[in-house]
Amino acid sequence: MAPSVKSLVSELASRGPHRVQRGDLALAGQPGAVFTPSEGLGLPAVAFAHGWMSGVDNYLSLLQHLASWGIVAAAPNTERGPFPSHLALATDLQTTLDICTGIRLGHGDISVHPDKLAFAGHGMGAGVAVIAAAQRPVAAVAALFSAPTAPKSEAIAPKITAPALILAGATDISAIDSNAKDLAAAWGGEAVLRSIDKASGNGLLEGRRVLGALGVGKAEKTTQKTARAILTGFLLYTLTGDKKYSDFAEADSSIPKTQLVDPFAVEEVAKKKSPLGQISQLRGK
């Protein structure tokens, strides 16, 4: 009997079977970090873009988690200031993926398959992942709690036919600084939009950050755990073809602690501001 979605979520929320090692992308000319399983050839890989006013250190557990499940996870550590360039970060995201595919990682005994690649990101990084995917085709895109970017990611989305996972926080999916619905509605290929119960977009962030002292963007352990499980399952299916995890990429699957969202549903109330308010509307170029 095939395992239930509930049991798979529980399984994927825990650390995977692989030992994890960390590398420095700066050795290849790109500031950032890469996490890999301890060994493996032809592995899947994802390049991950951070959110506004954050960096690699705010996603260490997420990146390590993906690597523990056999997925090379790399992230540039640039454009971290209050006025980031989304286009520049998208370029760095592509460079990060090129490094992963172009050289042997670890001690030369780890390689990435050129057809098993994905872009992913959080907040503004979700939009950056979309921008990058429009310039460099990949097998999948994951936009976690997406926020507006310049250029607008929803204007670029129709060009992308790769399957997409779009996660949003139930408490702020209709906030002015969330474009998850617009992104899902505009997607050129198959896109699944899910909201995580009782979650906010900034709950995915780990550790200390600039706005944390103001009580904004506090970590939400349940949000992190659920998002990790869904993202891991989605990537394992779309990048490796493992049908065991197909529910994580299908729009009619019921996943605990989440709700499927119809991006075309008419909103009955006007968009509200999230706790970040106008602060998070600082835009890059």
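Put simply, OG on S54 and CG on L205 are 5.5 Å apart, with the number rounded to the nearest 0.5 Å. Between the CG atom in L239 and the CG atom in D115 there is a gap of 10.5 Å [rounded to 0.5 Å]. Here the OG-CG distance, from S85 to L89, works out to 8.0 Å after rounding to the nearest 0.5 Å. With values rounded to the nearest 0.5 angstrom, N202 atom CG is found 12.0 Å from M53 atom CE. Here the CZ-CD1 distance, from F35 to I71, works out to 14.5 Å after rounding to the nearest 0.5 Å. Note: K181 NZ to L193 CG = 8.0 Å, rounded to the nearest 0.5 Å.
With contacts defined as side-chain heavy-atom distances shorter than 4.5 Å, the pair T222/K198 does not qualify. Put simply, the side chain of V72 does not reach to within 4.5 Å of the side chain of P44, judged on heavy atoms. A heavy-atom distance below 4.5 Å is found between the side chains of P84 and W52. Contact of the L62 side chain with the L60 side chain is not registered, since no non-hydrogen atoms from C-beta on lie closer than 4.5 Å. Counting only heavy atoms from C-beta outward, the side chains of L12 and Y245 approach each other to under 4.5 Å. Contact annotation: the side chain of S61 never approaches that of Q224 to less than 4.5 Å [non-hydrogen atoms, C-beta and beyond]. By the 4.5 Å heavy-atom criterion applied to side chains, L204 and E220 are not counted as neighbours. Between P31 and L25, the closest side-chain pair of non-hydrogen atoms is not below 4.5 Å.
A donor-acceptor contact shorter than 3.5 Å links the side chain of H122 to the backbone of G201. Without hydrogens or angle criteria, E190 side chain to P163 main chain gives no donor-acceptor distance under 3.5 Å. When atom types are taken as modelled, the side chain of D247 and the backbone of V5 share no donor-acceptor pair closer than 3.5 angstrom. Remark: the backbone N or O of F234 is paired with a side-chain donor or acceptor of T238 at under 3.5 angstrom. The main-chain N or O of I255 is found under 3.5 Å from a side-chain atom of T258 such that the two form a donor-acceptor pair. Between the T101 side chain and the L97 main chain, a donor and an acceptor come within less than 3.5 Å of each other. Judged by distance alone, the side chain of S246 and the main-chain N or O of D242 form no donor-acceptor pair under 3.5 Å. Between the N77 side chain and the V56 main chain, a donor and an acceptor come within less than 3.5 Å of each other. Looking only at distances, no side-chain donor or acceptor of S178 sits under 3.5 Å from a matching main-chain atom of S174. Side-chain atoms of W187 never come within 3.5 Å of backbone atoms of I166 as a donor-acceptor pair (strictly under, hydrogens ignored).
Enclosure of atom NZ in K116 by more than 12 non-hydrogen atoms of other residues, nucleotides or ligands within 6.0 angstrom is indicated. For R15, the CZ atom is densely surrounded, since the number of other residues' heavy atoms within 6.0 Å is greater than 12. The 12-atom threshold is not exceeded at OH of Y237, counting heavy atoms of other residues, nucleotides or ligands nearer than 6.0 Å.
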Could you tabulate the donor-acceptor pairs under 3.5 Å formed by side-chain atoms of residues 126-143, not counting sequence neighbours?
residue : atom : partner : partner atom : Å
Q135    : OE1  : Q94     : NE2          : 2.5
R136    : NE   : D98     : OD1          : 3.1
R136    : NH2  : D98     : OD1          : 3.2

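Minimum interatomic distance between A229 and V9 (heavy atoms only, all atoms of both residues): CB-O, 3.6 Å. The two residues A168 and A180 make their nearest non-hydrogen contact at CB-CB, 3.9 Å. Among all heavy-atom pairs drawn from A184 and A191, the shortest one is O-CB, 4.3 Å. Scanning all heavy atoms of the two residues, the minimum distance from A74 to C100 falls at CB-SG, 3.7 Å. Minimum interatomic distance between D109 and S38 (heavy atoms only, all atoms of both residues): OD2-O, 4.2 Å. Heavy atoms only, all atoms of each residue included: T96 and A47 are closest at CG2-CB, 4.2 Å.
Both L93 and I103 are part of a single hydrophobic cluster, where members link through side-chain heavy atoms under 4.5 Å apart. In this structure, V192 is not a member of the same hydrophobic cluster as V261, with clusters built from ILVMFWY side-chain heavy atoms closer than 4.5 Å.
Between N179 and E154, the side chains place a donor N or O and an acceptor N or O closer than 3.5 Å (distance only, hydrogens not considered). No donor-acceptor contact under 3.5 angstrom links the side chains of S10 and S7, judged on distance only. Neither side chain, S200 nor D172, offers a donor N or O lying under 3.5 Å from an acceptor on the other.
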Self-check item: Full working for side chain to side chain contact (heavy atoms under 4.5 Å, CB included) between L236 and W69
Solution: CA-CA 8 Å; L236 287 175; W69 281 96; 4.2 Å; yes
Practice problem: Assess whether side chain to side chain contact (heavy atoms under 4.5 Å, CB included) is satisfied between V20 and T36, documenting all intermediate values. | Solution: CA-CA 6 Å; V20 175; T36 72; over 6 Å; no
Quiz item: Can you list the steps and then say if S14 with K225 is a side chain to side chain contact (heavy atoms under 4.5 Å, CB included)?
Solution: CA-CA 8 Å; S14 300; K225 187 175 182 180; 5.8 Å; no
Self-check item: Evaluation steps, side chain to side chain contact (heavy atoms under 4.5 Å, CB included), between Q30 and I99
Solution: CA-CA 9 Å; Q30 172 64 57; I99 292 172; 3.6 Å; yes
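Judged as a side chain to side chain contact (heavy atoms under 4.5 Å, CB included), and not counting sequence neighbours, the contacts of Q259 are S195, D197.
Here E11 pairs with K244 in a salt bridge; the nearest charged N to carboxylate O distance falls below 4.0 Å.
Centroid-to-centroid, the aromatic rings of H50 and Y59 stay 6.0 Å apart or farther.
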